[in-house]
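I have placed the structure first, in the form of structure tokens, so that the comments after it can refer back to it.
Read the numbers this way: they start at 1 and go in the same order the structure lists the ligands and their atoms.
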Amino acid sequence: MNTLTIRCPAKLNLFLEILGRRPDGYHELSSVMAPVSLYDTLTLREAKRFTLEVDGPPLAGTNTVEKAWTAVARRRKIPGVRARLVKGVPAGSGMGGGSSDAAAMIEGLDRLFDLGLDRHEVAAEIGSDVNFFLERGPALCTGRGEKVAPIASGPDLHAVILWPGFSLSTAAVYGRVREFLTRTPRPVIDFLNSFIREGPQGLAAALFNRLESAAFALHPELAALRTRLAELLPNGARMTGSGSALYGLCASEAEARRLARRVHREFAGFVAPARVLGREVAWRSRKSGSS
Ligand code: C5P
């Protein structure tokens with residue numbers, strides 16, 4: 001029986017602007033996302049039917065791995081898999097753990113059963129961020145987030161990530177964003193120019209997330225946390241996605257580790273140093289066994 005182990009990285013939104021509300025209720029985005037070295041791990045083993053075991057706190061709603069299974073099984077006749085998901089990325093944190101798990105499931109099933117899937121077509125059905133995780137590197141994401149254009153990375157980046165221990169609902173944060181939209185959205189081009197050239201210090205001023213105001217309106221304590229985190233880190237702090245995780249950029253792994261310890265001393269909870277992953281990093285998967 002073949003077994004496949006796939007690492008599912010988290011992501012950070014380094015730039016996120018909202019261009020407007022769409023007729024379908026979603027929002028038109030212009031966002032730069034990058035994978036980071038914080039992972040869930042998905043293991044798939046061929047089986048007679050589908051089962052999923054999750055090692056981590058129980059999540060509300062149907063797991064995205066199961067949604068991906070259902071979407072693939074609707075397109076192809078496949079026997080089953082025993083799926084085991086080990087969570088390392090906090091859920092409801094804006095780091096895309098669930099979307100990354102779904103992307104890994106689509107890729108894993110495609111490889112395990114040699115299905116020749118249009119992976120992007122399946123991904124778009126499951127969630128707005130799933131397509132990004134099929135790309136394995138930084139990308140400009142547009143549409144509702146599902147249109148993904150890979151971008152080249154610049155100098156090495158590291159981050160300190162703080163998850164304050166509570167989750168935000170993506171729909172609730174988007175539901176509040178209208179009052180914070182401006183007539184002239186911030187253009188992404190300035191960010192892209194900085195991203196290719198600048199280290200963390202130069203890039204810091206270009207980091208942006210329109211959803212912060214909405215999330216902070218829902219959870220004022222998150223704004224206070226960001227202010228304090230920005231005092232502890234050398235290059236400020238931002239929220240990723242629809243929150244609630246916050247991050248700040250650093251220049252090296254050693255600096256990220258040192259600062260993560262300092263942040264952890266003050267906040268406790270989930271604090272992690274992470275590397276921003278470029279396209280060259282092989283982080284995907286390992287196949288073993290024989291059929
Ligand atoms: O696509 P996904 O299931 O991740 O989105 C969750 C919710 O976030 C949507 O139901 C919608 O309310 C909101 N959303 C949005 N615009 C986007 C992405 C998500 O309004 N581009």
Side-chain angles (χ1 to χ4, degrees), residues 8-36 40 42 59-72 74 85 87 89-107 119-135 138-149 163 166-182 185-188 191 208-219 222 238-245:
C8 321
K11 56 90 174 161
L12 293 177
N13 292 80
L14 304 176
F15 181 93
L16 194 167
E17 178 57 298
I18 295 174
L19 306 176
R21 195 152 186 271
R22 304 164 19 142
D24 63 5
Y26 281 85
H27 292 79
E28 196 70 16
L29 297 186
S30 166
S31 183
V32 174
M33 300 204 265
V36 292
D40 291 345
L42 179 69
L59 311 173
T62 308
N63 192 290
T64 51
V65 169
E66 185 175 343
K67 285 187 188 164
W69 162 263
T70 306
V72 172
R74 222 181 310 116
L85 179 64
K87 293 294 291 180
V89 181
S93 66
M95 289 195 282
S99 300
S100 190
D101 302 341
M105 184 66 168
I106 294 166
E107 185 190 311
R119 295 179 189 178
H120 276 284
E121 183 257 336
V122 184
E125 186 182 303
I126 294 163
S128 306
D129 288 344
V130 181
N131 295 76
F132 162 76
F133 287 104
L134 293 173
E135 287 298 330
L140 171 63
C141 303
T142 54
R144 63 182 171 90
E146 89 288 11
K147 293 181 191 158
V148 183
W163 178 58
F166 58 87
S167 300
L168 294 189
S169 145
T170 304
V173 173
Y174 273 101
R176 223 17 228 279
V177 84
R178 200 168 145 188
E179 60 200 271
F180 302 102
L181 299 186
T182 56
R186 189 179 280 229
V188 71
F191 177 85
F208 178 72
N209 185 349
R210 180 69 64 192
L211 292 176
E212 279 182 358
S213 321
F216 294 170
L218 288 169
H219 284 270
L222 199 55
R238 285 266 162 236
M239 187 181 84
T240 175
S242 58
S244 57

| said: For atom 17 (C) of ligand 1, what's the nearest protein heavy-atom neighbour? Residue, atom name and distance, please. | reply: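 Here the nearest protein heavy atom works out to Tyr26 CD2, 3.6 Å.
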| query | Which protein heavy atom lies closest to atom 16 (N) of ligand 1, and at what distance to 0.1 Å? | reply |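 Among all protein heavy atoms, the one nearest atom 16 (N) of ligand 1 is His27 N, 2.8 Å.
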| task | Please name the residue in the list Val32, Thr142, Leu16 that meets the side chain to side chain contact (heavy atoms under 4.5 Å, CB included) test with Val188. | result |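 Filter result, single survivor: Val32.
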| message | If I apply the N/O under 3.5 Å rule, does Ser128 come out as touching ligand 1? | response |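 Yes, since at least one N or O of Ser128 sits under 3.5 Å from an N or O of ligand 1.
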[X]: numbered ligand 1 atoms lying under 4.0 Å from its heavy atoms:
X	result
Gly127	1 (O)
Leu29	21 (N)
Arg144	1 (O), 17 (C), 18 (C), 21 (N)

Going by heavy atoms in the side chains, are [X] and [Y] under 4.5 Å from each other?
X	Y	answer
His120	Leu134	yes
Ser167	Pro90	no
Leu222	Leu168	yes

| request: Inspect the surroundings of CZ in Arg22 and state if more than 12 heavy atoms from other residues, nucleotides or ligands are less than 6.0 Å away. | output: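 Above 12, so yes.
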| Which bit of Tyr174 gets closer than 4.0 Å to ligand 1, counting heavy atoms only: side chain, backbone, both or neither? |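 Side chain only.
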| task | Give the intermediate values and the outcome of side chain to side chain contact (heavy atoms under 4.5 Å, CB included) for residues Ile106 and Ile126. | result | CA-CA 10 Å; Ile106 294 166; Ile126 294 163; 3.9 Å; yes
| said: Tell me whether ligand 1 is touched by Asp129 - counting only heavy atoms on the residue side and a distance under 4.0 Å. | reply: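 Under 4.0 Å: no for Asp129.
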| request: Name the orientation class of the two ring planes belonging to Phe15 and Phe191 (parallel below 30°, tilted from 30 to 60°, perpendicular beyond 60°). | output: tilted
| request: Would you mind finding which of Thr64, Thr170, Asp24, Ile18 brings a heavy atom closest to atom 6 (C) of ligand 1? | output: Thr170
